[in-house]
Every structure is written in C-alpha cells, then in structure tokens.
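Reading through the structure tokens given below for one structure.
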Amino acid sequence: MALSLFNTLSLKVEEFTPSDGRTVRMYSCGPTVYNFAHIGNLRTFTFNDTLRRWLRYRGFVLNHVMNITDVEDKIIRKSMELGIPMSEYTLKYEKFFLEDMDTMRMEKPEKIVRATEHIHEMVDLIEKLQVKGYTYDSDGSVYYRISKFEGYGKLSHHDFSGIQAGARVDNDEYDKDDARDFVLWKARKGEEPAWDAPFGAGRPGWHIECSAMAMKYLGDTLDIHTGGVDLAFPHHENEIAQSEGASGKPFARFWVHCEHLHVDMQKMSKSLGNIFTLRDLVELGHTPEALRFVLMSVPYRKKLNFTLESLQGAQTSIDRLRNYKLRIQTDKLAEGSNEAVTKLATEALAKFEASMDDDLNTAEALAAVFEFIRETNTMLDQGQFLEGNRAAALDLLARFDTVFDILEVKVAAGGMEDSAVEALIAERTAAKKAKQFSRSDEIRNQLLEAGIVLEDTKDGVRWKRK
RNA sequence: GGCGCGGUAGCCAAGUGGUAAGGCAGAGGUCUGCAAAACCUUUAUGCACCGGUUCGACUCCGGUUCGCGCCUCCA
C-alpha cells in the first residue's frame, strides 16, 4: 500500500502524493511563544517531525513552513507587565522552543516564520477579503462574516446552518454581527503594540497570520496542513474561510491533526499540577530520547496516556535497541550468510514500511523491528547469524533510525576520549587475567562514573556510553 | 444539548469476522570471578457489560456503562 494519511476533511485514510508528484508543500501551526513548550505541545511537533521524515523516506522533497506566533493577547499582557518590548519577551521563548526542538532531535522545517514579520501580507489579505465582500468593520476592527462563506464548517464537520446571521452578539470589547464571526484586525487599545493599516492602527487577529504566511510561501493550495486536534475548530476552519475566500481555490488538500496527550488519564492542567516540560523531565533524570520514544510509539491519532512509568520503560527499550546494534557491530561471526536471516530482515523491513505507510502506524512499525531483534538475537546466540548477515541487519536499523532517530548516543562535552577508555579496559583485562579482581572492579567503577558501561562477553569486553 | 472518539494483561499499547503484535515491569534461566550488564524463555481461554447477526465476533449491529474531546483560548 502506498503512503496514506487520515484526512480530517474527508474523515478517511487517503493515499497521499504531492500535487506536483515531487515536492510536498506543508504548513504546520507552530508555537505561541509566551512560555516553555509542554510535552503535549512537543507531541504535536514530534508528529510533524515523524511525518516529515516519512515523506522524505518515501522520496519526496519537502517544503515545510512553520510559523511562530509572536503577537497575541497573552504575549502583549505579559510583556507590558514586565515593561519590556514584546519582541524581547517572545525572542526568549522562541529560543527555548528551538532548543527544545533540537534536544528532541526534531528536524527544522525549511522555513520558520514569525507573524510580526508578515503584517504586510496579512493586511493585503484582509484587503482582498474586503474587496470581495467577506468583511465588515466595527469600531476600527475588521471582522470576517462567515455567513458569506459557503462551506464554513466543512473541516470540523459542524453544521452552522442553524446559526442566525444578524443576531448581534457582544463579545468582550468587540462587536460582532454574528457569534461565529471572527476578527481579522483588532483596533488598537491603549498602549499595546500596533501597526498602521488602511483600516486603522491595530494588530492582526490570530487566524489571519497562518493564511497569509502559508499562501505567501506555499501558494494558494497546500499539500498538507497540520496541527493539534484542538485547532481544527475554529482556527483551521477560519483559515479555510480566509484563504479560500480570497483565492477561490481549495486551501489544503490534506488536513492532518495530531491527538492530545494526557497525563495519568487526565488532561494536563495547572490545577492538577501535571504539566511537564522537557526541562522538567530532564531534571527528573529522564532523557530527551526517552520522551521522543514515548511520543513516537503511540500512533498520532490516538490519545497518548503519558506516565512516568512508560517514560522509564522507553529508556529501557532504547537501551535494548542500542545494545543490539552494538552487538551486530562487534560480535565475532563465522563466515558465510544465512538465508533465514536475510529473509527475516526483508520481512521486517517490509512490515516496517507498510506500517508507516498506513497512516504512520508507528506502534506496528516498532513491533516489526523488535520482533526482528528478538529472533536474530537468538540466532546470534546459536551461531546461526553469520558475517554476511551483518549488513542487512544494520541496514534495517539505519532505515528505522532515519525516522525514529534514537540509536545514536550524543557524547556529552568533556567526556572521556575513546582511547583513554580503551587503555583502561586493556588494563582491567590484564588485571582480570591475573585474578586481581579488586583492581578490575575498581577500573569498572571508575569507567562507570565517567558514563561508560562495560559488558564482558565471550568475545571480549564491549563498552558503550550511558 | 449537538457532533465525535475510546474502554485489550500490573503499566504503555497494535490488531483482525477464523481463534490475541510489540515494549516495560514481574517470574524463571543462560553467560560471568562477581555483576548493577547482555541475552533467552514465560506472562490475557480472553479483548468494559448485556443482547443480536454468523458455522464462527475482541473484530459487525443494537443497548448499557465508564472515560475523554470539540462546540470559547488551547498542541
């Protein structure tokens, strides 16, 4: 089966190919930079990363754009409270976010774009909508009249036909003609940051930024638009209304939404005190890879129930994968090649790829790899895994890792050099041979403190970094 | 209230109209001077509950129940 994705528009798993057959034009709703990202945010961005990597695995070229929302109510309030420029506040959290992406081994989208650097494009888009009659003004703000847009609700599958147009609703300080109408341009209030526009000084509404930037960099029709499930309505619905209202063309062919993460069966919330950031988990002694593994091991359309126990388990799983790779690389093997192993590798790879193609079923893909590992470990024990089989096993692991990216250990700065490690191991081996076990244990402990773990195997000593 | 999703072993979870993947934990074992390492084996007569359809259902249909999501800002 070819690569397929669940499309929120059709509520079906559909086969995916970019419209030009080669380059995937993809847009992802990025973070609002007013705080550290929590693991729920990171799940969605990890999903983007998985999708990116699989699309590339399948030979497509990526043109992926992600926005940074750096102007928004909370940001304005906080930066004004602190008495600092808005950009000083947002740049700080943008930096933290990009660091977290890096730590989580997420690939950077081809373009990361800031809302505040595209005000012009947003104003242009609003003017286009004005000309086409999709807007109305109210007290210096500009609103989108959804009753003008046929098909409003087609993404979130809500029926808005019962909504009474013209029933004037007061919402906050803004006057809207219809409860569902949303603001395109907010009139300036007090001292808050504002930009000049033909319709008066103010700032853009949240929804217009994504439409403007996505269309600027990717054209009128995107191949894929992603985001968290909660964004489907109203954010993405509004993006459709804006973009399709202006261009008259479909805005995105595929809408792909990542489900939420829960902690211990509950929604993350301040009152429950169960909001974790990457930094929180690292402080508790967990690794970023373990979080990456947990986030990736549950298919993106399923709610993910996060527990610290599963995070611990993820680390053990990663260690097992790494140990296996080390074993394949270092075990002494007899000459020849066993057909049975070749067959297992071929089957495992086929199952891995078919699972990923099937709407990114990462759980099943992972199972294929673990199954192969268990079977071939047994064959290694029995001497049936031969020299000529190394390449196929390593190839499977390499392919797996182009998507999962957890096998490589990042050596901490200031760590012990390989040569120093080797020298100590040689000394320990000599001590062992002389039955000076206290000395050999001493060296083992010394290395352990430096983050080096030794394993005595029948083929000699094997070591790895923790 | 409207629309929608889900309840599979201690935990995280995949899956199919034909008799339950995988990972972690637990138990047993192999190797080892020892081992905190590594590896192997094992672990649900049953897939929320009650009916129905069927030769056969965890898988389809109906009902019940529990949990969750969107409908307002939210990944």
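In what follows, every chain begins at residue 1, and chains take the letters A, B, ... in the order their sequences are listed. Atoms considered below: every heavy atom in the structure, side chains included; atoms not considered: hydrogens, waters and symmetry mates.
- Annotation: side chain of F36(A) is in contact with side chain of Y93(A) (closest heavy-atom distance under 4.5 Å).
- Using a 4.5 Å heavy-atom cutoff, the side chains of F233(A) and L155(A) are not in contact.
- Among the heavy atoms of the strands lying under 4.0 Å from D456(A) is at least one base atom, whether or not backbone atoms are also near.
- Rounded to an integer number of Å, the gap from NZ of K351(A) to C1' of A14(B) is 8 Å.
- Across all strands shown, A38(B) forms a Watson-Crick or G-U wobble pair, both distances under 3.5 Å, with U30(B).
- Of the nucleotides present, G2(B) is the one that pairs with C70(B) by Watson-Crick or G-U wobble criteria, both distances under 3.5 Å.
- Residue-to-nucleotide proximity on RNA chain B shows that, of G313(A) and E375(A), the 5′-proximal contact is made by G313(A).
- In this structure, A21(B) makes no Watson-Crick or G-U wobble pair, since no nucleotide meets both defining distances under 3.5 angstrom.
- Contact annotation: side chain of N445(A) to base of A36(B), donor-acceptor pair present below 3.5 Å.
- Within the 4.0 angstrom heavy-atom criterion, base atoms lie near H38(A).
- Using a 4.0 Å heavy-atom distance criterion, F370(A) is classed as a sugar-phosphate-only contact.
- Judged by atom type and distance alone, N305(A) does not reach the base of G7(B) through any side-chain donor-acceptor pair under 3.5 Å.
- Look at U65(B): its Watson-Crick or wobble partner, with both distances under 3.5 angstrom, is G7(B).
- Salt bridge annotation for E244(A)-K154(A): present, with a cationic side-chain nitrogen under 4.0 angstrom from a carboxylate oxygen.
- Within the 4.0 angstrom heavy-atom criterion, no nucleotide atom of any strand lies near M379(A).
- Taking atom CD1 of I443(A) as the reference point, atom P of A35(B) lies 20 Å away to the nearest angstrom.
- In the interface, the side chain of R444(A) is paired with the base of A35(B) through a donor and an acceptor atom under 3.5 Å apart.
- Using the Watson-Crick or G-U wobble rule with both distances under 3.5 Å, G46(B) pairs with nothing in any strand shown.
- Salt bridge present: E289(A) and R322(A) bring a charged side-chain N and a carboxylate O closer than 4.0 Å.
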